[in-house]
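Since the structure comes first, as structure tokens, the remarks are kept for the end.
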Amino acid sequence: MEEENLSNIEAQPEIPENIPQFRGFFVVVKDLTGRFFHNEKFKYTCKITFAIIATLLSLIALVAFILYFVPYMREKQPSREFVVNTDQELRKNPVYKKEISLLNKDIQRLSRKYNSYTSGQSYIVINTIENRFFLYRNKQLLRTGFCSSGSYTMLKTAEGDRKWIFKTPKGKYRIQGKTTHPVWRKPDWAFVEEGLPIPSATDQSRYEYGVLGDYAMAIGDGYLIHGTIYKRFLGMPVTHGCVRLNDEDLEFIFNTLSVGSKVYIF
């Protein structure tokens, strides 16, 4: 019996005494294993750590799938080829012929409308969104530049019984009159805006000189295309409804347009 026990003991592996790092490694592993199975706090910390790592890896894999794999699969999908049917039977189809006829009529109608808007005469287009003008003759652009249009602000009297919205009208207009060295006849709102009492219709305080520039063109309802002393505001919506231009553009437009010339405002 003693010999048998001795043989079993000799058969077990031993940690080499001459390699101390092996002994330290096994001790650390044994210690960690014991802490994991017997320390609940350590087990909980390890589980949380593993869960966080697994979540991060899952997110990285998902992002990589969306950014790289999905576009790659789309590129590998076979492209669809569209074949234009030029069969003569289609051209003879009554429904097809009817649709083509309606389209041709629409094209002719739009062409006539375009030609009526863009005749050989001079005309001006005013863009109140970007506050720019475009002057044309024979459908050729002659000049473009900045202008100022209505501010879309509201003014009310102290009692609130009257109010004005300062906006530039939109639509198709014509030059109804041309004036050199115009004089501004101040409307009622000009006095309300300054906090002054409204004078009579013929009072001299209503007339102001040198504020409209050297030229003015009337388009109806009291609205003018004229010059300005506030050139730094060109390109901005700051007026009470009129269209303001700088001196050089105003002179060129005044000499190009005539009474009856079309004005398009949008």
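One distance of note links OG1 of Thr55 with CD1 of Ile60; it measures 11.0 Å at 0.5 Å rounding. Going from atom CG of Leu59 over to atom CG of Leu57 covers 9.0 Å, rounded to the nearest 0.5 Å.
Clustering ILVMFWY residues whenever any of their side-chain heavy atoms sit less than 4.5 angstrom apart, transitively, puts Leu257 in the very cluster that holds Phe252. If you chain together hydrophobic residues whose side chains sit under 4.5 Å apart, Leu142 and Val263 fall into the same group. Clustering ILVMFWY residues whenever any of their side-chain heavy atoms sit less than 4.5 angstrom apart, transitively, puts Tyr173 in the very cluster that holds Leu250. When hydrophobic clusters are built by joining Ile, Leu, Val, Met, Phe, Trp and Tyr residues whose side-chain heavy atoms come closer than 4.5 Å, directly or via intermediates, Leu56 is grouped together with Ile48. One hydrophobic cluster holds both Ile225 and Phe254 under the rule that ILVMFWY side chains link at heavy-atom gaps under 4.5 Å.
Scanning both residues, Leu245 and Cys147, for their nearest heavy atoms gives CD2-CB, 3.6 Å. Val259 and Gly177 make their closest contact through CG2-CA, 4.4 Å (heavy atoms, listed as atom of the first residue, atom of the second, distance). Taking all atoms of both residues into account, the shortest heavy-atom contact from Val183 to Glu208 is CG1-O, 3.5 Å. Taking each heavy atom of Ser122 and Arg137 in turn, the nearest pair found is OG-NE, 3.2 Å. The two residues Ala216 and His226 make their nearest non-hydrogen contact at CB-CB, 4.1 Å.
For Asp221, the CG atom sits in a loose shell: 12 or fewer heavy atoms of surrounding residues, nucleotides or ligands are nearer than 6.0 Å. Within 6.0 Å of atom NZ in Lys139, more than 12 heavy atoms from other residues, nucleotides or ligands are found, so the atom counts as buried in its surroundings. By the 6.0 Å contact criterion, NZ on Lys178 is enclosed, its count of non-hydrogen atoms from other residues, nucleotides or ligands being greater than 12.
Remark: the backbone N or O of Gly260 is paired with a side-chain donor or acceptor of Arg174 at under 3.5 angstrom. Using a distance-only test at 3.5 Å, with no hydrogens or angles considered, a donor-acceptor pair links the side chain of Thr128 to the main chain of Phe266. At least one donor-acceptor pair closer than 3.5 Å links the side chain of Asn104 to the backbone N or O of Ile100. Of the possible polar contacts, none joining the Asp203 side chain to the Pro199 backbone as a donor-acceptor pair under 3.5 Å is found.
Ring centers of Phe166 and Tyr152: at least 6.0 Å apart, outside the cut-off.
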- Item | Trace of the side-chain contact (heavy atoms from CB on, under 4.5 Å) decision for Asn127 with Phe133 | CA-CA 6 Å; Asn127 182 343; Phe133 74 87; over 6 Å; no
- Tyr230 and Ser148: side-chain contact (heavy atoms from CB on, under 4.5 Å), yes or no, with the steps? CA-CA 10 Å; Tyr230 305 107; Ser148 291; over 6 Å; no
- Query: Given Ile219 and Leu224, is the side-chain contact (heavy atoms from CB on, under 4.5 Å) satisfied, shown in steps?
  - Reply: CA-CA 6 Å; Ile219 61 174; Leu224 303 172; over 6 Å; no
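With a 4.5 Å cut-off on side-chain heavy atoms, Ile124 and Ile253 count as touching. With contacts defined as side-chain heavy-atom distances shorter than 4.5 Å, the pair Asn246/Asp249 qualifies. Side chains of Pro187 and Trp164 form no contact here, defined as non-hydrogen atoms less than 4.5 Å apart. A heavy-atom distance below 4.5 Å is found between the side chains of Arg206 and Ile198. Between Arg112 and Gln108 there is a side-chain heavy-atom pair separated by less than 4.5 Å. Proximity of Asp214 to His181: side-chain heavy atoms (C-beta onward) are separated by under 4.5 Å at one or more points. Contact of the Ile126 side chain with the Tyr264 side chain is not registered, since no non-hydrogen atoms from C-beta on lie closer than 4.5 Å. Put simply, the side chain of Thr144 does not reach to within 4.5 Å of the side chain of Leu135, judged on heavy atoms.
Every residue two or more places apart in sequence or in another chain that forms a salt bridge (charged side-chain N to carboxylate O under 4.0 Å, His left out) with Arg162 is listed here: Asp188.
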For a quick test of your reading: what N or O donor-acceptor pairs under 3.5 Å do the side chains of residues 231-240 make, sequence neighbours left out?
residue	atom	partner	partner atom	Å
Lys231	NZ	Thr228	O	3.0
Lys231	NZ	Asp247	OD2	3.4
Thr239	OG1	Ser149	O	3.1
Thr239	OG1	Gly150	N	3.1
Thr239	OG1	Gly241	N	3.1
Thr239	OG1	Cys242	O	2.8
His240	NE2	Glu193	OE1	3.1
His240	NE2	Glu193	OE2	3.0

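Using bins of under 30°, 30° to 60° and over 60° for the plane-to-plane angle, the ring pair Tyr136/Tyr123 lands in the parallel bin.
Geometrically, Lys186 does not engage Tyr207 in a cation-pi contact defined by less than 6.0 Å to the ring centre and at most 45° from the axis.
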